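This one's a predicted model, so the numbers in the text were calculated from it and none came from an experiment.
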Amino acid sequence: MPQFDLRGMKVAKYKNTNGVISYETPVALGDAMNVDLNLTFAEGRMYAESVLAEYVREPTGGTISVGTKYIKKDAEVIMYGCAAETDKDEVTYTGKDNANYVGYGAYAPDKVDGVTKFTAFFAYKAMFGPPGYSLKTKGQNIQFATPTTSGEFLPEDSSERRILSRATLATEAEAIAWINTKLGVTGS
């Protein structure tokens with residue numbers, strides 16, 4: 001399934017109130033470039049009479065890496081727990097910052113059997129680390145320095161233990177609505 005034109009990345013702070021999972025107001029992460037989501041698994045093998053008799057493979061979480069043109073200040077504050085200056089585009093990291101768990105959603109148009117559809121993903125509980133920055137002189141070639149933020153996603157704290165959802169939808173509006181529903185946004 002060839003995906004192209006990733007867009008619509010949103011994050012929202014994850015909340016667990018006595019086992020009820022919800023999210024604070026979502027914000028756009030920034031202009032999307034790429035995302036890699038990979039589930040991780042616990043595996044078990046049981047041998048009987050010198051042969052593999054049973055095999056179990058269960059999802060336990062996953063890794064996530066997001067490339068973006070830039071990370072918007074509001075998203076940076078939500079994701080990394082840093083402080084923001086209200087009157088300018090400035091954030092400050094301190095030794096007291098704690099990254100927050102967030103819900104993360106993104107979608108991209110796909111060609112499915114020759115028809116454009118929209119594939120959307122939602123990680124229920126993810127934690128990202130701030131990106132590193134690398135600055136260089138221009139030299140003879142122009143190079144872009146764009147942030148990549150990565151982290152882990154894990155099961156939410158409900159009895160369902162949801163980790164990751166994927167949906168294929170007919171329109172971009174349906175993909176946006178699907179992500180908003182996961183984040184608890186109504187009427188958008």
Is there a side-chain contact between [X] and [Y], using heavy atoms and a 4.5 Å cut-off?
X      : Y      : result
Arg161 : Ile163 : no
Thr63  : Phe153 : no
Pro26  : Val185 : yes

Would you say that more than 12 heavy atoms from the other residues, nucleotides or ligands in this model lie under 6.0 Å from the [atom1] of [X], or not?
X     : atom1 : value
Glu54 : CD    : no
Asp87 : CG    : yes
Lys73 : NZ    : yes

Roughly how far, to the nearest 0.5 Å, is [atom2] of [Y] from [atom1] of [X]?
X      : Y      : atom1 : atom2 : answer
Asn38  : Glu152 : CG    : CD    : 10.5 Å
Met9   : Tyr104 : CE    : OH    : 4.5 Å
Lys13  : Met79  : NZ    : CE    : 13.5 Å
Glu76  : Leu29  : CD    : CG    : 10.0 Å
Thr148 : Met33  : OG1   : CE    : 7.0 Å
Leu183 : Glu24  : CG    : CD    : 11.5 Å

Are any side-chain N or O atoms of [X] and backbone N or O atoms of [Y], one a donor and one an acceptor, separated by less than 3.5 Å?
X      : Y      : value
Asn100 : Ile78  : yes
Glu174 : Ala170 : yes
Thr68  : Asp31  : yes
Thr168 : Thr119 : no

- Item | Ring-face cation of Arg57 near Phe41 (centre distance under 6.0 Å, axis angle within 45°) | yes
- Which is it for Tyr14 and Ser22 under the side-chain contact (heavy atoms from CB on, under 4.5 Å) test, yes or no, and what are the steps along the way? CA-CA 6 Å; Tyr14 172 92; Ser22 62; over 6 Å; no
Closest approach of [X] to [Y] (non-hydrogen atoms, all atoms of both residues):
X      : Y      : value
Cys82  : Val91  : SG-CB, 3.9 Å
Tyr101 : Leu154 : CE2-CD2, 3.7 Å
Thr40  : Gly62  : OG1-N, 3.5 Å
Ala53  : Ala48  : CB-CB, 3.9 Å
Asp97  : Gly81  : OD1-O, 3.3 Å
Tyr124 : Leu164 : CD1-N, 3.8 Å

Checking side-chain polar atoms at under 3.5 Å, does [X] have a donor or acceptor matched by the opposite partner on [Y]?
X      : Y      : result
Thr149 : Tyr80  : yes
Glu172 : Tyr107 : yes
Ser65  : Asp36  : no
Asn16  : Lys125 : no

- Query: Mind checking whether Tyr70 and Val77 sit in one hydrophobic cluster, side chains of I, L, V, M, F, W, Y counted as touching below 4.5 Å?
  - Reply: no
- Take Val66 and Ile64 through the side-chain contact (heavy atoms from CB on, under 4.5 Å) test and state the conclusion after the steps. CA-CA 7 Å; Val66 176; Ile64 185 169; 4.0 Å; yes
- Task: May I have the step-by-step check of side-chain contact (heavy atoms from CB on, under 4.5 Å) for Val35 and Phe121, ending in yes or no?
- Result: CA-CA 10 Å; Val35 62; Phe121 291 90; over 6 Å; no
- Message: Check Glu156 with Arg162, please: is the shortest side-chain N to carboxylate O separation under 4.0 Å?
- Response: yes
- Task: Decide yes or no on side-chain contact (heavy atoms from CB on, under 4.5 Å) for Thr116 and Lys111, but give the supporting numbers first.
- Result: CA-CA 5 Å; Thr116 298; Lys111 286 285 187 185; 3.2 Å; yes
- Query: Do Phe122 and Tyr23 have ring centres separated by under 6.0 Å?
  - Reply: yes
